[in-house]
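Throughout, a chain's letter reflects where its sequence line sits, starting with A, and its residues are numbered from 1.
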Protein chains: 2
Amino acid sequence: MTEKQLQIVETALHLFAEMGFDAVSTNKIAQEAGVSEGLIFRHFQNKLGLLNAIMQIGAEKIALFSEQIEILATPEEKIQAVLELPFHIKEDEYPFWKLLNGLKWQNQYYDQTAVAPIRNIIEKAFKDMNYSNPTTETDLILAYTDGLATSILLKSTEVDKNELLKTLRKKYNWILKK
Amino acid sequence: MTEKQLQIVETALHLFAEMGFDAVSTNKIAQEAGVSEGLIFRHFQNKLGLLNAIMQIGAEKIALFSEQIEILATPEEKIQAVLELPFHIKEDEYPFWKLLNGLKWQNQYYDQTAVAPIRNIIEKAFKDMNYSNPTTETDLILAYTDGLATSILLKSTEVDKNELLKTLRKKYNWILKK
DNA sequence: TCATATAGTGAGTAATCACTCACAAAAGTA
DNA sequence: TACTTTTGTGAGTGATTACTCACTATATGA
């Protein structure tokens, strides 16, 4: 990737994350990135191609996340790690997660494959723990994870985050109770 | 509201909910609603005015929800009622909640006032129960509610829903543990 | 019944949209 | 050096955008 190519991707990611894919014009991206509009289409074919390039980079980061969780020894640890994922998202990764969450609500663009690896980890963990309904348990954990991520991404004050994690950890007993 | 006015609002709500506000043109709304495009602007001034009209109708429904919860006797019951709110959303209310959730991720349009009453109920309930950190506890409950709503709105198979609620309730005794 | 207000139409408008293309600059290769 | 490939430009394109307006149809009220 050339420097200008990277500049396009970064700028587009930030704009898409804050305003939504459809609200951002290629003209605006080019201006903010300091490149000609034509360059976007040379490198990414069309606007959707640019989005896909962004999503692929993000999906690779999620895959790395998944690998790190997969290493953990017990299923309990894996579940806890996923549930606490939202607390370990770094500020510079916020735009990608914001974009991903925003796209979820638009049938046209959302692609579930990026987050699928995480679901598989949890479902397998519950099976390994001999839960009778691992799928439903997985849904509950992922719902909570999703809600926590939403709260953190949209508010994002450091103090709240630490307090939130502390209080969450007190409740692990009931979260994992069969 | 005239019949055509209502037709515009209903059609726009469905389209906005499925495709996102920016991805839907006033032309498309008019066509699907079976009215002239000009009529949209006569009644709602502009596209944003149409969105505001939709949101106001939704906010009134949320206010009704809030009142019903407010009646409940104990703070524990109120918290449970809010947590289970996602399970009691009727199918015909899905579009509004989808729209609301989608808009959350776009700085330009989101207005938090619609859901504020619900937060107030929970925070007061935790205070009445003498929790030391009612704000954080509220954040956790609302995060879970939000995640559950997301899961239900985006998948929405009746079987999953019942199973999900059943499993959630098993864990419920522990939720109020300080 | 007639006047007035409201509801509804559809062709028209300037601005913006995603995208193209002929061309120039830069980088790579021999 | 000389040739090829890649990177980058910016004016230009037709289509679509939100929105206007002169006009007609319908309803309301005295």
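Side-chain nitrogen and oxygen atoms of A:Lys4 include at least one within less than 4.0 Å of the OP1 or OP2 phosphate oxygen of D:dT9. Within the 4.0 Å cut-off from OP1 or OP2 of C:dG8, at least one side-chain nitrogen or oxygen of B:Thr2 is found. In terms of phosphate contacts, A:Thr26 brings a side-chain nitrogen or oxygen within less than 4.0 Å of OP1 or OP2 of C:dA18. Checking the phosphate oxygens (OP1, OP2) of D:dT16, no side-chain nitrogen or oxygen of B:Ser25 falls inside 4.0 Å. Taking 4.0 angstrom as the limit, B:His43 places none of its side-chain polar atoms (N or O) nearer than this to OP1 or OP2 of C:dT6.
Distances from the side chain of B:Phe41 to the nucleotides D:dT20, C:dC19, D:dT9 place D:dT20 closest.
B:Ile121 is listed as a side-chain neighbour of B:Ser66, based on a closest heavy-atom distance under 4.5 Å. Put simply, the side chain of A:Val35 does not reach to within 4.5 Å of the side chain of A:Gln5, judged on heavy atoms. Looking at heavy atoms from C-beta onward, A:Gln112 lies in side-chain contact with A:Tyr110 at the 4.5 angstrom threshold.
Mapped onto DNA chain D by nearest heavy atom, B:Leu48 and B:Arg42 fall at different nucleotides, with B:Leu48 at the one closer to the 5' end. Each of B:Gln5 and A:Glu37 has a nearest nucleotide on DNA chain C; the 5'-most of these lies closest to B:Gln5.
The distance between atom CD1 of A:Ile8 and atom C1' of C:dC19, rounded to the nearest whole Å, is 14 Å. Between B:Ile40 atom CD1 and D:dA18 atom P there is a gap of 9 Å when expressed in whole angstrom units. Distance B:Asn46 CG to D:dC19 P: 5 Å, rounded to the nearest Å. Rounded to a whole Å, the CD atom of A:Gln7 is 17 Å from the P atom of D:dT7. Here the C1' atom of nucleotide D:dG8 and the CD atom of A:Gln31 are 17 Å apart, to the nearest Å. At whole-Å resolution of the value, CG in B:Leu50 and P in D:dC19 are 10 Å apart.
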Salt bridge (Lys or Arg N to Asp or Glu O under 4.0 Å) between B:Glu18 and B:Lys98, worked out | CA-CA 8 Å; B:Glu18 290 306 312; B:Lys98 282 188 182 182; 3.2 Å; yes
